[in-house]
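Only one structure is covered here, and it is reproduced in the block below.
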Amino acid sequence: MKKTNIYVPLITPFKEDYSVDYEGVAKATKFVLEKGADGIYACGGSSEFSLLTTEERKKILEIIIANANGKEVIAHVGSQSTLEAVELAKHAEKAGATMLSAVSPYYFGYKYSQIKEYFHTIAHATSLNLMIYNAAQVRPFSYEELKELLQDEKITSVKYTGYNFYVLERLINSCKDKTFLTGADECFLAGQAVGAHGAIGTTYNYFVDRYIKAKELFKEGKNQEALEIIRKVNNVTELLISSDSMLAVTKYIMSLQGLDILPISRPPFTELDEKTKENIKRVYKENC
């Protein structure tokens with residue numbers, strides 16, 4: 001199968017008591033990979049990693065790898081603590097992950113020099129290469145900062161969850177030996193237009209096959225057909241953006257597609273009420 005560079009940042013299914021549904025993790029892994037993704041982005045933002053314990057993150061990664069059927073698994077090991085990130089990185093290497101990724105620590109407003117050392121330490125803690133998770137809502141990096149970080153030979157790619165596509169185009173042009181994947185689902189085609197190599201996004205948990213098709217059409221010059229797919233996808237994406245519990249919405253849509261998981265997230269996220277579910281179901285069916 002042709003490589004797409006499109007990965008699913010897998011959600012974490014929970015039981016009614018908010019414990020991790022590990023059987024659900026295995027089912028969800030197979031569910032999304034059957035739709036054609038190159039692999040899984042494990043324990044990223046879509047997994048609610050900040051609400052998981054270190055041991056839960058390790059076990060989830062192990063289950064994803066065991067059920068990925070040889071496909072790539074990028075292990076997100078980002079943490080508020082460099083020590084924990086390194087612990088997770090070493091575990092990921094041992095478990096069989098193909099690459100590491102990390103978002104920057106965000107609570108204390110660290111200086112760039114401290115964050116640079118954080119990424120360097122993670123990147124050189126194992127034999128695996130590192131993908132920087134550039135999340136604009138956490139700590140946006142400037143062009144100059146990203147370009148400097150990418151001078152490290154162990155930092156080989158960026159998950160660019162930002163909206164300045166001029167900066168992204170400049171990075172792609174100046175760092176030709178690196179890989180850039182977009183992370184803002186609603187801007188998928190904008191990323192493709194400036195040369196992004198692929199993408200990682202929450203809504204890929206249920207629409208990854210549509211994004212793959214849109215990318216194929218765009219590369220063939222069939223821009224209008226690609227845009228029609230993305231317009232329908234974005235009609236559903238609007239629900240997530242406006243929701244107080246976007247990951248619960250994601251899980252609910254996956255359940256509408258036949259996956260046996262509950263549409264809940266850990267508190268402080270709130271549960272979906274019946275009116276919200278009916279609206280989600282209506283918009284989803286209108287854009288299937």
Exercise for review: Take atom CD of E225 as the centre, draw a 6.0 Å sphere, and report whether it contains more than 12 heavy atoms from other residues, nucleotides or ligands.
Suggested key: yes

Taking C-beta and beyond as the side chain, do [X] and [Y] meet within less than 4.5 Å on heavy atoms?
| X | Y | answer |
| --- | --- | --- |
| V158 | K178 | no |
| T121 | H124 | no |
| E278 | R282 | no |
| T203 | V236 | no |
| R210 | C288 | yes |
| R139 | I115 | yes |
| N5 | K215 | yes |
| L171 | Y143 | yes |

Backbone N or O of [Y] within a donor-acceptor pair of the [X] side chain at under 3.5 Å?
| X | Y | result |
| --- | --- | --- |
| K147 | S174 | no |
| T98 | V73 | yes |
| N287 | V283 | yes |

Point to revise | ILVMFWY clustering at 4.5 Å (side-chain atoms), partners of F49 | key: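 Once heavy-atom contacts under 4.5 Å are chained together, F49 belongs with Y7, Y41, I74, M99, V103, Y106, M131, Y133, V138, L181, I200.
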
Review point. How would you list all residue pairs meeting ring-ring contact (aromatic ring centres under 6.0 Å, His included) that involve residues 149-168, not counting sequence neighbours?
Key: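 Passing the test, one end in residues 149-168: no pairs.
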
Check your understanding: Which pairs with one or both residues in residues 209-236 pass ring-ring contact (aromatic ring centres under 6.0 Å, His included), sequence neighbours excluded?
Key ->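 Sorted pair list: F188-Y211, Y204-Y211.
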
Point to revise | Shared hydrophobic cluster, I122 / L150 (ILVMFWY, side-chain heavy atoms < 4.5 Å) | key: yes

Exercise for review: Would you please test T202 and S46 for side-chain hydrogen bond (donor to acceptor under 3.5 Å, both in side chains) and show each step?
Suggested key: CA-CA 6 Å; T202 302; S46 299; 2.7 Å; yes

Exercise for review: Kindly determine whether E62 and K58 satisfy salt bridge (charged side-chain N to carboxylate O under 4.0 Å, His left out), including the steps that lead there.
Suggested key: CA-CA 6 Å; E62 291 169 4; K58 289 179 179 179; over 6 Å; no

To the nearest 0.5 Å, how far apart are [atom1] in [X] and [atom2] in [Y]?
| X | Y | atom1 | atom2 | result |
| --- | --- | --- | --- | --- |
| L130 | S101 | CG | OG | 6.5 Å |
| T12 | L52 | OG1 | CG | 5.0 Å |
| I212 | I6 | CD1 | CD1 | 5.0 Å |
| T161 | N134 | OG1 | CG | 7.0 Å |
| K251 | L262 | NZ | CG | 9.0 Å |
| K285 | K281 | NZ | NZ | 5.5 Å |

Practice item. Anything under 30° is parallel, anything over 60° is perpendicular, the rest tilted; go ahead and classify Y110 against F108. Key: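 Judged by the thresholds at 30° and 60°, the geometry between Y110 and F108 is perpendicular.
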
Practice item. List the steps and the verdict of side chain to side chain contact (heavy atoms under 4.5 Å, CB included) for I280 and L272. Key: CA-CA 10 Å; I280 295 166; L272 305 178; 4.2 Å; yes

Practice item. Tell me, with the steps shown, if I11 and I261 meet side chain to side chain contact (heavy atoms under 4.5 Å, CB included). Key: CA-CA 10 Å; I11 48 79; I261 59 172; 4.0 Å; yes

Study note, to complete from the structure: Sorted by chain and residue number, the salt bridge (charged side-chain N to carboxylate O under 4.0 Å, His left out) partners of E34 (sequence neighbours excluded) come out as none

Review point. Partners of K30 by salt bridge (charged side-chain N to carboxylate O under 4.0 Å, His left out), sequence neighbours excluded?
Key: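 Residues passing salt bridge (charged side-chain N to carboxylate O under 4.0 Å, His left out) with K30: none at all.
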
Review point. Do T54 and E87 get their side chains close enough for a donor-acceptor pair, meaning under 3.5 Å?
Key: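 On atom types as modelled, these side chains do not qualify, holding no pair under 3.5 Å.
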
Check your understanding: When you check the side-chain N and O atoms of N234 and R231, is any donor under 3.5 Å from an acceptor?
Key -> no

Exercise for review: Taking ring pair (Phe, Tyr, Trp, His ring centres under 6.0 Å) as the test, write out the residues that go with Y206, two or more places apart.
Suggested key: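 Y206 satisfies ring pair (Phe, Tyr, Trp, His ring centres under 6.0 Å) with no other residue.
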
Review point. Do we get K116 above Y112's six-membered ring, with its NZ or CZ under 6.0 Å from the centre and within 45° of the axis?
Key: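 No.
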
Review point. Is R266 positioned over the aromatic face of F269, cation under 6.0 angstrom from the ring centre and no more than 45 degrees off axis?
Key: no

